[in-house]
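Each ligand, and each atom within it, is numbered from 1 in the order the structure gives.
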Amino acid sequence: MTQPVSRRRVLAASAGAAGLLWTPASRAACPEPPDFPAGVDHHRQNYRNWAGELRADDVWTAVPGTADDVVTLANWAHRQGYALRAQGFRHGWSPLTVTAGTDCASRVVLVDTRRLDAMTLTGPGPEPGSATVRVGAGAGMEALLGFLEDAGHGLTATPAPGDLSVGGVLAIDAHGTAVPAEGEVRAPGTTYGSLSNLVLRLTAVVWDPGAGAYAARSFERSDPQCAALLANLGRAFVTEVTLLAGPLARLRCVSRVDVPAAELFAAPGAGGRTFDSFLAATGRVEAIWFPFTERPWLKVWSVSPERPVTSRPVTGPYNYPFSDTVPSPVADLAGRILGGQIQLAPALGRAQYTATVAGLTATASADLWGAAKNLQLYVRPTTLHVHANGYAVRVPRSGVQEVVHGFAAFYTARLRAYAARGRFPVNGAVEIRVTGLDDPAETAIGGAQAPALSALCPDPSHPAGEVAVWLDVLTLPGTPNSGAFFREVERYLFAAHPGTRVEWSKGWAYTGEGAWSDPDVLDRVVPASFGPGWDAAVSALDRLDPARVFTNPFLDRLLR
Ligand SMILES: Cc1cc2nc3c(=O)[nH]c(=O)nc-3n(C[C@H](O)[C@H](O)[C@H](O)COP(=O)(O)OP(=O)(O)OC[C@H]3O[C@@H](n4cnc5c(N)ncnc54)[C@H](O)[C@@H]3O)c2cc1C
């Protein structure tokens, strides 16, 4: 017999997942680490990742105010045999920060970076019209994009939430959605790849063999050692970066809920309103496809210097409140599914689609226009906290429709097969976006290194002109059979598209038990997907941190 779970419980679960809970445990039960640097603020805190699947109670957390504090912490950790784990907003899924079972007895100190948030415009970039900004690794993306906007600058594509730290997004080669539209010329100072491809230089706390101590050191983008630091998975500690920015663009975002999935994801060459046709027209597309529904929520952004007459101007981000604040019918169904009524997945899919259609109309948000960041940021921490898998399928630009068609066909068939057996492993949306790769030439820096561990790092053995189709499937945490289902999806992607890489921050390496657990994917498939660059990057990170201050057991297993 299942119990109904109220909207309040779903939202409370979200708050817990966001890590808002502070521990009241006694100091005696959890003593301060020995000789902890007196000048660095610290307290104990419960760690919760985004979906609340990874919890570490009562962990000592330091809050450095300067890069020197981080150096002090690193040398203390080295002396005492502790590990330091950088954390920004904790808005991720994978065990990159801490692993399950970490507690106050583990020799681990979390380092909350968010006071390292200074930003300065540092001048023009290498291409006329571009700019450079120096920013602390703990600064939030929303703050950075707002700062750039005030100065007349912006980025081509960004992750959807604003509550992500610069250090956190660079660690995992964060992406938005953009490839050149037909005839589009890249704006100076911009990339179609990940944010890691915007780095001109960075400062990291690394081992200084001469001094026999950890020290802050600056790395130019052309320094071969920079390659491994640009997307470092948290196996390094970055304190500050200088990023490229382009001219501030105005974007239009049109939402469509009228194109059937059968047409959007049709076989290549079918004609009609295909995913590829929207991509060709504007280069910036996202499909959100709720399970067991016929029509995805398709967002189509276009660069539009002037406001189109039908577009509503917006002056701030987060313009889809119906998606950021869970509507009651959706929360109620989600609560009942969490309570065990898994067969309500189709009803939840339909409720989300209905809420989207109604919400777009009620808030007049189907056609919006404004400064780039106000259209690029559209996810708040109040949204439903679900589990997500994530992959980047790298194919020639001409292969995008084939990828989405094949994926949609596989996903639908497996969803139906599971449902026929009374199994509903997926109750959240599929999300599809497309980006370019991390072409270092886009920085206009001679000898610029590609981010070695980025899913978007170009593979020299592949032809130029590849793009990445980013695929995510969402489901409520703990949904029965989701591990088995996601394992099938993963195996399909690796088999159908050998260019597939995992999305570091999300779920991958599935077994029936869940994510990050398939030894073959961890030990062989993922390293092989990076080719020879993998070993070189792992060795570089080891050289920069030979005492392994910046690591955890999961990274030790993966990066070896
Ligand atoms: C709802 C939601 C939507 C998302 N949407 C997108 C999206 O559109 N595009 C996208 O690419 N990603 C997306 N993400 C993933 C997100 O970008 C990553 O999880 C990101 O790492 C989170 O940033 P954070 O500040 O919360 O980092 P944390 O979760 O705190 O840390 C993540 C990793 O970064 C490391 N790290 C943090 N700071 C530093 C530092 N200074 N130096 C070195 N390592 C550091 C940590 O040790 C850890 O390994 C989304 C996540 C959520 C929850």
Requested in this report: Using a strict 4.0 Å cut-off to heavy atoms of Q87, name the atoms of ligand 1 that fall inside it.
Outcome: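 Close to Q87: 30 (O).
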
Nearest heavy atom to [atom] wins, so pick from [options].
atom                    : options                : value
atom 17 (O) of ligand 1 : L110, L164, N49, V386  : L164
atom 35 (C) of ligand 1 : G92, A231, A392, A171  : A171
atom 13 (C) of ligand 1 : G390, P159, S165       : P159
atom 50 (C) of ligand 1 : W50, F554, W93         : W93
atom 42 (N) of ligand 1 : V379, V238, T239, L202 : V238

Query - Side chain, backbone, both or neither: S505 near ligand 1, heavy atoms under 4.0 Å - result: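 Side chain only.
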
Requested in this report: Output, in order, the C-alpha distance, side-chain angles, deciding distance and verdict of ring pair (Phe, Tyr, Trp, His ring centres under 6.0 Å) for F322 and W297.
Outcome: CA-CA 13 Å; F322 51 88; W297 174 14; 5.7 Å; yes

Query raised in the report: Does R433 come within less than 4.0 angstrom of ligand 1, counting non-hydrogen atoms of the residue?
Result: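 Judged by the 4.0 Å heavy-atom criterion, R433 does count as contacting ligand 1.
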
Query raised in the report: Is the closest heavy-atom distance from W470 to ligand 1 below 4.0 Å?
Result: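 Flag not set, W470 not near ligand 1.
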
Around [atom], find the nearest protein heavy atom and jot down its residue, atom name and distance.
atom                    : answer
atom 4 (C) of ligand 1  : P161 CG, 3.4 Å
atom 9 (N) of ligand 1  : H175 O, 2.8 Å
atom 43 (C) of ligand 1 : A236 O, 3.1 Å

Would you say ligand 1 has an N or O under 3.5 Å from any N or O of [X]?
X    : result
A137 : no
F89  : yes
A86  : yes

**Report entry** Note, T475 side chain near V473 side chain (heavy atom, < 4.5 Å)
**Finding:**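 The answer is no, as the side chains (C-beta and beyond) never meet within the 4.5 Å cut-off.
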
**Report entry** Q449: side chain to side chain donor-acceptor pair (under 3.5 Å) partners, not counting sequence neighbours
**Finding:**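 Not a single residue meets the side chain to side chain donor-acceptor pair (under 3.5 Å) criterion with Q449.
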
Query - S194: side chain to side chain donor-acceptor pair (under 3.5 Å) partners, not counting sequence neighbours - result: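 Expected list: D438.
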
Query raised in the report: Going through the distances and angles, do K506 and N389 end up as a side-chain contact (heavy atoms from CB on, under 4.5 Å)?
Result: CA-CA 5 Å; K506 297 188 177 160; N389 72 357; 5.8 Å; no

